[in-house]
Amino acid sequence: MRIGALVRNADLAHDAEFARSYPAVAEALLSGASAQLRNAATVGGNLMQRTRCAYFYDAGSACNRRWPGAGCDALKGENRLHAVLGWSEGCIATHPSDFCVPLVAFDAVVEIEGKGGRRELPLEALHRLPGETPERETALERGDLIVALRLPTEAKDFARHARYIKVRERTSYAFAVVSAAAAFRIEGGKIREARLALGGVAAKPWRAREAEQVLAGARPDPAVYREAARAALAAAKPSGDNAFKIELAQRIVARALTLAARGTPDRIPALPGSPFSSVAGA
Amino acid sequence: MTVELSLTRDPAHIRHGSNIGQPMTRTDGVLKVTGKARYAADNHPAGMVYAVIATSCIARGRVTSLDVAAAKRYPGVIDVMTPAHKPELAEDPDAKGNPFAFRMELLQSDEVRYANQAIAVVIAETLEAATEGAALLSPRYQVEIARVGLDAGEAYAPPVVGIGNPAEVRHGDIDAGMAAATKLTDATYETPAQYHNAMEPHAIVAVWDGDRLFIDTPSQGMGFAQMRVAGLFGIPPANIHINSPFLGGGFGSKGLISGPQVLGIMAAKLIGRPVKLVLRRGQMYGPVGHRPPTRQRIRIGTDDAGVLAVINHEARVTTSSFDDFYEPAADASHTLYASPAIRTAHEAVRVDTGTPLFMRAPGEATGSIVLESAIDEAAFACGIDPLEFRLKNYAEVEPTTGKPFSSKALRQCYARAAERFGWAGRPLQPRQMRDENGFLVGWGMGTATFPAIMFQGNARAVIRADGNGVMETGAHDMGQGAWTALAQISADSLGLDFDQLTFRSGSSDLPDAGIAGGSGHTATVGAAIHNAGAAVIAKLAELATTDERSPLFGAGNAGVVARGGRLHRRDDDARSESYVEILARAGLAEVDASGSGAADAAAQSQYAMHAHGAVFAEVKVDPELGQIRATRLVGAFAAGRIINPLMVQSQLRGGMIWGLSFALHEEAVMDHRSGRILNANLAEYHVPVNADVPPMEVITVDEHDPHVNPLGIKGVGEIGITGSAGAVANAVFHATGIRVRNFPIKIEEIVMGLG
Ligand SMILES: Cc1cc2nc3c(=O)[nH]c(=O)nc-3n(C[C@H](O)[C@H](O)[C@H](O)COP(=O)(O)OP(=O)(O)OC[C@H]3O[C@@H](n4cnc5c(N)ncnc54)[C@H](O)[C@@H]3O)c2cc1C
Ligand code: SF4
């Protein structure tokens with residue numbers, strides 16, 4: 001499926017064909033921001049939104065992303081929601097998008113129009129980890145424009161077992177503390193293939209391939225989910241007052257896997273992505 | 001239904017109840033939902049230009065340079081107001097004339113006292129040009145190390161807390177209480193800085209005409225604002241005309257005119273044109289007050305049976321480096337529980353923030369969540385149900401003063417709310433209940449209380465020859481429904497049907513109605529209206545009963561009663577005369593009279609006057625992920641006479657949502673090095689959204705209070721927060737077994753605590 005970069009978040013999530021084919025992506029979209037924002041926000045804009053790190057926005061603070069070499073005031077500042085994976089001393093920010101999390105799990109591809117013509121890039125390669133150059137947030141060059149997003153047909157094979165779960169500090173209209181997209185192809189009671197990605201943990205939507213390996217071929221059960229969760233967070237370390245996010249991320253992974261195995265709900269819950277979405281009337 | 005009420009004060013002529021007590025919808029509702037209600041910033045007088053404040057991004061130091069030339073070069077920029085270029089003021093903005101005069105930054109120097117302080121004002125033909133001009137000022141600073149947080153400096157005992165309350169209160173023998181206690185709860189809690197965040201930002205449209213000043217600005221206290229502005233500009237208060245028909249919320253932040261509003265007036269004076277100045281959301285985190293952070297240690301001692309021996313409640317609060325406002329947090333422990341020994345004490349630390357100010361239930365909110373949580377801890381320590389514990393320690397008289405209560409239907413509140421909630425059978429131990437989806441379920445409760453305060457207010461009543469009436473009072477509608485509730489009181493006070501009344505309000509040209517704060521506006525202005533109405537009816541009665549041609553002749557002034565635009569003989573209802581007839585015969589175009597309302601000092605010295613309530617909360621907690629959701633809130637409140645049940649319900653609901661917000665969401669996050677607020681926006685300064693607000697039920701318990709004021713009104717604007725915040729926090733403990741003592745309760749505490 002090819003989606004134009006200017007398609008609104010709300011239009012995409014409410015497109016029946018799209019929601020049927022990629023329910024976890026639709027759920028992730030609807031778990032983001034507010035109805036008003038989703039009505040205005042575009043596909044390209046959501047992919048390219050900047051970090052919510054408060055120091056990035058506070059012109060009085062040192063921020064390597066804004067001003068290379070200035071330092072990072074988040075490092076010893078208010079950082080309970082900052083990254084636990086893939087961060088560097090130069091920058092500990094996270095990428096805030098919900099949409100990108102299942103997209104990266106499903107091998108989405110972005111089409112880019114640039115000076116040298118059109119090219120494409122796996123979404124996984126769009127956002128960069130900070131390393132020594134936190135100011136280089138994405139693989140886009142000056143003059144590049146994202147014109148479309150593509151989801152491979154194979155991703156539809158996960159439609160019956162796909163969920164997005166997002167823990168946040170209020171029930172709606174808040175960025176993820178940590179989130180996870182999980183999906184399975186289950187055949188003969190066994191996991192043929194698993195997809196797993198995390199949000200709110202790193203400067204990019206975080207594909208957890210090691211965890212996918214753990215799950216592939218296994219029977220879906222809590223022990224293997226826990227093992228997969230450990231694998232997904234094996235490389236995690238706190239960047240500040242956020243050690244809890246490592247624990248929380250593991251629990252969210254286990255939850256997302258549990259819910260994905262249970263099966264995609266017939267309808268996107270009224271509280272998309274919420275841990276409370278299973279509550280009647282939620 | 002018309003009921004004659006026994007009123008404490010004389011006016012024998014009025015029966016309240018034709019309009020009072022009716023659930024009338026807002027008279028300004030249609031205006032509001034159709035966008036026709038004109039808020040301050042909706043005004044565009046001819047020739048108006050825009051002013052935008054440039055704010056400091058350091059919290060302490062000096063501004064060493066501003067690129068005024070760059071700003072002025074920008075097309076459309078008219079002028080830049082700076083400490084070096086501004087109109088003269090007649091009064092030092094740092095002068096402290098009265099306890100309600102707080103220091104403000106009006107560009108009197110290059111000193112920076114807190115982040116987001118105004119350091120210049122750019123005036124331009126368009127908002128965009130002024131905004132760009134402000135950005136072009138590129139200030140440079142001499143930075144000093146900011147003092148941030150409750151440990152920023154040496155703590156000291158403030159002279160007073162709140163408005164004139166003693167910083168320390170002792171009742172009984174604390175040491176003896178501690179010695180007698182066999183069970184002691186000793187807990188230290190912290191509450192965060194919070195900002196009012198009214199939907200409508202502070203805004204002003206200022207127009208000078210010689211030495212007369214016309215301003216449109218949201219105000220909870222036009223009289224105070226007039227006085228302050230008059231002093232600053234050296235003009236008589238009567239020359240200042242404030243128009244403030246609607247506020248998009250105030251919550252205390254619009255009680256006193258703020259620095260930025262005065263800067264708008266200065267800008268208009270500087271350039272001699274009408275000016276509009278509106279704060280941006282982020283700019284509201286500094287100059288317009290906030291609820292300061294607190295650290296509260298509370299010790300509650302009981303005997304084995306759970307009978308209180310002592311409450312020792314100590315609070316540390318922050319205030320600004322340059323002014324004095326002390327959140328009276330510990331005072332919450334004065335009135336609720338019958339302890340033989342009670343001590344409340346405050347200490348303060350100076351930090352580099354704007355001065356904290358009254359924020360909806362100042363002191364009561366911060367203190368209540370701690371007291372109610374600690375009471376829950378004490379009950380748990382004794383193995384007693386929290387409701388039973390509270391009933392065991394029910395205060396029959398105000399504990400710290402020994403005064404009887406003017407009225408107190410708290411027992412009924414407990415009973416009604418507990419019954420509605422289904423509290424009976426709640427397991428004492430936490431983490432016992434699960435729902436069908438496996439979520440942890442917890443039930444908690446809290447007691448609500450708020451003092452019945454009155455200020456000073458006035459009203460003027462007129463009965464015209466056509467039989468219609470007018471009531472005028474410069475009252476303030478913050479959204480709470482003053483336009484409606486005060487008009488209901490007015491109609492009854494004039495003995496008229498609602499549609500025979502013209503109610504005028506929201507302007508400083510009308511009689512000063514005092515301040516809309518302390519939950520005392522309806523009581524204060526209601527009393528003024530009641531007295532003005534009574535006085536004008538007395539004049540009519542005088543005309544009729546002394547005139548031989550009137551069927552009421554000889555009835556005596558007190559022998560008639562007003563109803564439906566007529567005076568009736570008390571002893572013979574059939575003998576009556578209309579206002580129209582009375583005035584026509586007297587050859588008068590109208591009669592008028594004034595009335596005022598204020599607390600009755602004699603009654604106050606005799607009685608403790610408080611509204612009360614009980615709130616019960618249910619929360620659900622995800623047992624692994626730790627996310628919390630409130631699922632039910634039931635509150636019962638006894639707050640004297642209910643003027644308009646619809647308005648009262650929405651005040652109480654709104655308050656309860658604030659309580660929920662206090663427990664679970666709200667916090668201004670400040671960088672501990674720079675003193676800058678990191679979440680000065682509504683995306684990251686969390687208040688509950690619709691999905692966070694559970695099904696709520698609000699019960700009002702009848703309470704007749706013959707002592708508080710002529711109408712028996714206690715306030716309802718703030719009490720809803722108290723009790724609710726603690727109820728939610730206690731429900732979280734009951735669900736999880738985790739006692740979080742730092743508010744708001746954060747997910748990490750639950751996730752790590754759940755194990
Ligand atoms: C209060 C608030 C809450 C929010 N909560 C959430 C949330 O919970 N979850 C979530 O996922 N998101 C959240 N968002 C983010 C929201 O989804 C984004 O703001 C939105 O997706 C941006 O879309 P836009 O089209 O408006 O992009 P813009 O704001 O116009 O652009 C964003 C950035 O992307 C660049 N850009 C836009 N389109 C392209 C393109 N085609 N090619 C290259 N670059 C491009 C722009 O130059 C800009 O730098 C929130 C936003 C706000 C303001
Ligand atoms: S974490 Fe990154 S974005 Fe935040 S201040 Fe540091 S460098 Fe800037």
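Within every chain, numbering begins at 1; the chains are lettered A, B, ... in the order of the sequence lines, protein sequences first and strands thereafter. From a predicted model like this one, the values you see are computed outputs, not experimental measurements.
In this model, a donor atom of one side chain and an acceptor atom of the other lie less than 3.5 Å apart for A/Y55 and B/D671.
Looking at B/I58, neither its backbone nor its side chain comes within 4.5 Å of chain A, counting heavy atoms on both sides. For a residue to count as touching a neighbouring chain, one of its non-hydrogen atoms must lie under 4.5 Å from one of that chain's; by this rule A/R255 touches chain B with the side chain only. Heavy atoms closer than 4.5 Å to chain A are found in both the backbone and the side chain of B/H686. Heavy atoms closer than 4.5 Å to chain B are found in the side chain of A/R80, but not in its backbone. Neither the backbone nor the side chain of B/L660 comes within less than 4.5 Å of any heavy atom in chain A. Both the backbone and the side chain of B/V751 come within contact range of chain A, judged by heavy atoms closer than 4.5 Å. Proximity to chain B is absent for every atom of A/K245, based on heavy atoms less than 4.5 angstrom apart.
Residues B/E748 and A/D241 fail the side-chain proximity criterion, which asks for heavy atoms closer than 4.5 Å. Between A/F244 and B/I747, some side-chain heavy-atom pair lies under the 4.5 Å cut-off. Looking only at side-chain heavy atoms (C-beta outward), A/R170 and B/P688 stay at 4.5 Å or farther from each other. Side-chain contact between B/E684 and A/L81: absent, with no pair of heavy atoms (C-beta onward) separated by less than 4.5 Å. For the pair A/E78/B/H672, a side-chain contact is recorded, criterion being any heavy-atom separation below 4.5 Å from C-beta on.
Interface remark: of the candidates A/A174, A/A254, A/S61, A/S61 forms the most heavy-atom pairs closer than 4.5 Å to chain B. Chosen from B/S674, B/G282, B/A115, B/A683, the residue pairing most often with chain A at heavy-atom distances under 4.5 Å is B/A683. Per-residue counts of heavy-atom pairs under 4.5 Å with chain A were compared for B/I628, B/D622, B/V687, B/L625; the largest is that of B/L625.
Under a 3.5 Å cut-off, the side chain of B/Q627 and the backbone N or O of A/E169 do not form any donor-acceptor pair. Under the 3.5 Å distance criterion, the side-chain polar atoms of B/R673 are matched with a main-chain donor or acceptor of A/D73. A donor-acceptor pair under 3.5 Å is formed between the side chain of B/R676 and the backbone N or O of A/G60.
Taking a 6.0 Å sphere around CZ of B/R434, one finds it holds more than 12 heavy atoms contributed by other residues, nucleotides or ligands. Residue B/L682 places its CG atom among more than 12 non-hydrogen atoms of other residues, nucleotides or ligands, all under 6.0 Å distant.
The shortest non-hydrogen separation linking A/S172 to B/V689 is O-CG2, 3.5 Å. Smallest separation of non-hydrogen atoms from A/R251 and B/G755: NH2-O, 3.4 Å. Between A/F276 and B/K620, the closest heavy-atom pair is CZ-O, 3.7 Å.
In this structure, CG in B/L678 is found 10.5 Å from CG in A/N79, a value given to the nearest 0.5 Å. Distance check: B/N681 CG to A/R52 CZ gives 6.5 Å after rounding to the nearest 0.5 Å. Rounding to the nearest 0.5 angstrom, the gap separating the OG atom in A/S34 from the CG atom in B/N690 is 11.5 Å.
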